[in-house]
2 protein chains.
Amino acid sequence: MNELDKTDRKILEILQKNARITNKELSSQLGLSPPPTLERVKKLESSGYITGYIAVLDPKKVDLGAVMMVSVTLHQHSEEAIEAFHRAIENLTEVMECYHLTGDDDFILKVVCKDIQQYERFVREKLARLNTLGKIKSSVVLSTVKMVREYPISER
Amino acid sequence: MNELDKTDRKILEILQKNARITNKELSSQLGLSPPPTLERVKKLESSGYITGYIAVLDPKKVDLGAVMMVSVTLHQHSEEAIEAFHRAIENLTEVMECYHLTGDDDFILKVVCKDIQQYERFVREKLARLNTLGKIKSSVVLSTVKMVREYPISER
DNA sequence: ATTGAAAGGAATTCGCG
DNA sequence: CGCGAATTCCTTTCAAT
C-alpha cells in the first residue's frame with residue numbers, strides 16, 4: 001500500500017477512537033457503502049498500518065494504582081549487554097514501556113504495580129538483579145496528565 | 001461491579017489482545033455460551049473496567065518516526081501554574097503522554113513527530129511558549145525496546 | 001446465572017456499472 | 001473503485017431452568 005487518501009486517513013482516525021464500530025456504521029460515517037469500506041480496512045491491516053485492536057482498561061480498577069518512571073544506566077554498553085537488557089525487559093510484565101535514549105541515562109521505563117510495596121519488590125527481586133544494570137533512579141508518577149493512544153494522522 | 005472472577009479476568013486478557021474478536025469466538029474460548037459472555041462484557045464496560053476499544057497503528061507508517069522523551073521543569077509551582085500547564089498539554093497533539101513526577105523534574109513527556117526538524121518546531125513554537133515553563137531537557141528515543149498496552153491482570 | 005432457540009442485523013461475496 | 005443484492009454468520013433477546 002503506497003499512499004493514504006483522505007478516506008483511508010479518516011478510517012484510521014475513526015478506528016483509533018473506536019475499534020468496535022461496525023463496518024456498517026463506519027461506512028456511513030465515510031459516506032461509502034459497506035463493501036469498499038471493508039476492503040479498505042482489510043488493506044490497512046494487511047499493509048501494516050493497523051497492527052491490532054485492543055481493549056483499553058482502567059489500571060486502577062485492575063489493581064495497578066502505582067506508576068513509576070525509572071531511569072536506568074547500564075554498567076557497560078557492549079552490544080551483548082544491551083541485547084541482554086532488552087531480552088530481560090521483555091519478560092518483566094510490570095514494564096509497560098521501555099525506551100533506549102540519548103543523554104545521561106540509557107533507558108527510561110514505565111512500570112506499573114499494585115502499590116509502592118510491590119514496586120519495591122519488583123526493583124529488588126527483578127530489576128536490580130539484572131547483571132547488566134548499573135544504577136536506577138525511580139520517580140513516582142503523581143498523576144497522569146495525559147495518556148493518549150491515538151496518533152495524529154498527518155495530511156500526507 | 002465488585003470483584004472480578006476468573007472468567008472476567010480472562011475476558012479482560014483476551015480483549016486486551018484482540019478487541020475485535022466476535023462474541024461467539026470469545027465465548028468459546030471461555031467455555032461459555034454467547035449470551036452470558038455478552039452480558040459480562042457489557043458489565044465490564046459499564047462499570048469502568050473497559051474504557052474503550054482502539055486500533056493500534058504503526059507510528060512509522062503514519063509518518064511519525066521521531067519519538068522524544070522530554071523532561072520539563074516549571075518556573076513556579078502554584079496550583080494555577082500546574083493547572084495551566086495541564087490544560088496546555090491537553091491541546092498539544094504531539095504529546096502522547098505526560099506524567100507529573102516526584103524528583104528533580106516536574107513532568108516527563110513523550111512526544112511524537114515526523115522527524116527531528118518537526119520536533120524542533122514543536123519545541124520552539126509550542127512547548128517553549130508556555131509561560132509556566134521553566135526548562136526542558138530533550139532525549140531522543142533511539143529505539144522503543146518495549147511498548148505494551150496490555151495490563152497484567154492479577155489474581156485478585 | 002447459564003442454556004438453547006429464534007429473530008433481527010451485520011459481514012462478506014459477487015456480478016455489475 | 002464503488003454499488004446493490006444475496007447469503008451466511010453473528011448478535012441479541014427471551015423463555016426455561
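To find a chain, count down the sequence lines: A is the first, B the second, and so on, and within it residues start at 1.
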Trainee: Just verifying a value: how many Å separate A/Leu127 CG and A/Ile136 CD1, rounded to the nearest 0.5 Å?
Mentor: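 A/Leu127 atom CG to A/Ile136 atom CD1 measures 5.0 Å (nearest 0.5 Å).
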Trainee: Name the closest nucleotide to the B/Pro36 side chain, picking from C/dT3, D/dC10, D/dC3.
Mentor: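 Ranking C/dT3, D/dC10, D/dC3 by closest atom to the B/Pro36 side chain puts C/dT3 first.
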Trainee: As a test of reading the structure: which of C/dA10, D/dT12, C/dT2 is closest to the side chain of B/Pro34, going by heavy atoms?
Mentor: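 Nearest nucleotide to the side chain: D/dT12.
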Trainee: When you get a sec, tell me which of C/dT2, D/dC3, C/dA11 is the closest nucleotide to the side chain of A/Leu38?
Mentor: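 Ranking C/dT2, D/dC3, C/dA11 by closest atom to the A/Leu38 side chain puts C/dA11 first.
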Trainee: Nearest-Å distance, NZ (A/Lys43) to C1' (D/dG2)?
Mentor: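 Rounded to whole Å, this separation is 12 Å.
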Trainee: Would you check if there is a donor-acceptor pair between the side chains of B/Ser138 and B/Tyr119 at a distance under 3.5 Å?
Mentor: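 Judged by distance alone, the side chains do pair up.
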Trainee: Quickly work out the B/Lys24 NZ to C/dG8 P distance and round it to whole Å.
Mentor: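 It is 21 Å, rounded to the nearest whole Å.
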Trainee: Judged by atom type as modelled, is there a donor-acceptor pair below 3.5 Å linking the side chain of B/Gln16 to the main-chain atoms of A/Leu57?
Mentor: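 Judged by distance alone, no pair lies under 3.5 Å.
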Trainee: Output the rounded distance in Å from CG (B/Asp8) to P (C/dA1).
Mentor: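 Those two atoms, CG and P, are 10 Å apart.
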Trainee: I want to confirm an ordering. Mapping A/Glu39 and B/Glu25 to their closest nucleotides on DNA chain D, which one lands closer to the 5' end?
Mentor: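 Result: A/Glu39.
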Trainee: To the nearest Å, how far apart are A/Asn23 CG and D/dC9 P?
Mentor: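 Distance, rounded to whole Å: 18 Å.
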Trainee: Separation of A/Leu32 atom CG from D/dG4 atom C1', in whole Å?
Mentor: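 After rounding, the reported distance stands at 13 Å.
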Trainee: Please determine whether a side-chain nitrogen or oxygen atom of A/Arg40 lies at a distance below 4.0 Å from atom OP1 or OP2 of D/dC1.
Mentor: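 A/Arg40 to D/dC1 OP1/OP2: no side-chain N or O under 4.0 Å.
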Trainee: What closest approach, in Å, do B/Arg20 and A/Glu45 show between heavy atoms, and which atom pair accounts for it?
Mentor: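 Minimum heavy-atom separation between B/Arg20 and A/Glu45: NH1-OE2, 4.1 Å.
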Trainee: Closest nucleotide of DNA chain D for A/Arg20 versus for A/Ser33: which of these residues is on the 5' side?
Mentor: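 So the residue in question is A/Ser33.
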Trainee: Give the nucleotide from the list D/dT12, D/dC3, C/dA10 with an atom nearest to the side chain of A/Thr22.
Mentor: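 Closest nucleotide to the A/Thr22 side chain: C/dA10.
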Trainee: Side chain of A/Pro35 only, please: which of D/dG2, D/dG4, D/dT11 is the nearest?
Mentor: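 When the side chain of A/Pro35 is considered, D/dG4 is the closest of D/dG2, D/dG4, D/dT11.
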Trainee: Could you tell me the separation between the CD1 atom of A/Ile11 and the C1' atom of D/dG2, rounded to a whole number of Å?
Mentor: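 Computing the A/Ile11:CD1 to D/dG2:C1' distance gives 13 Å.
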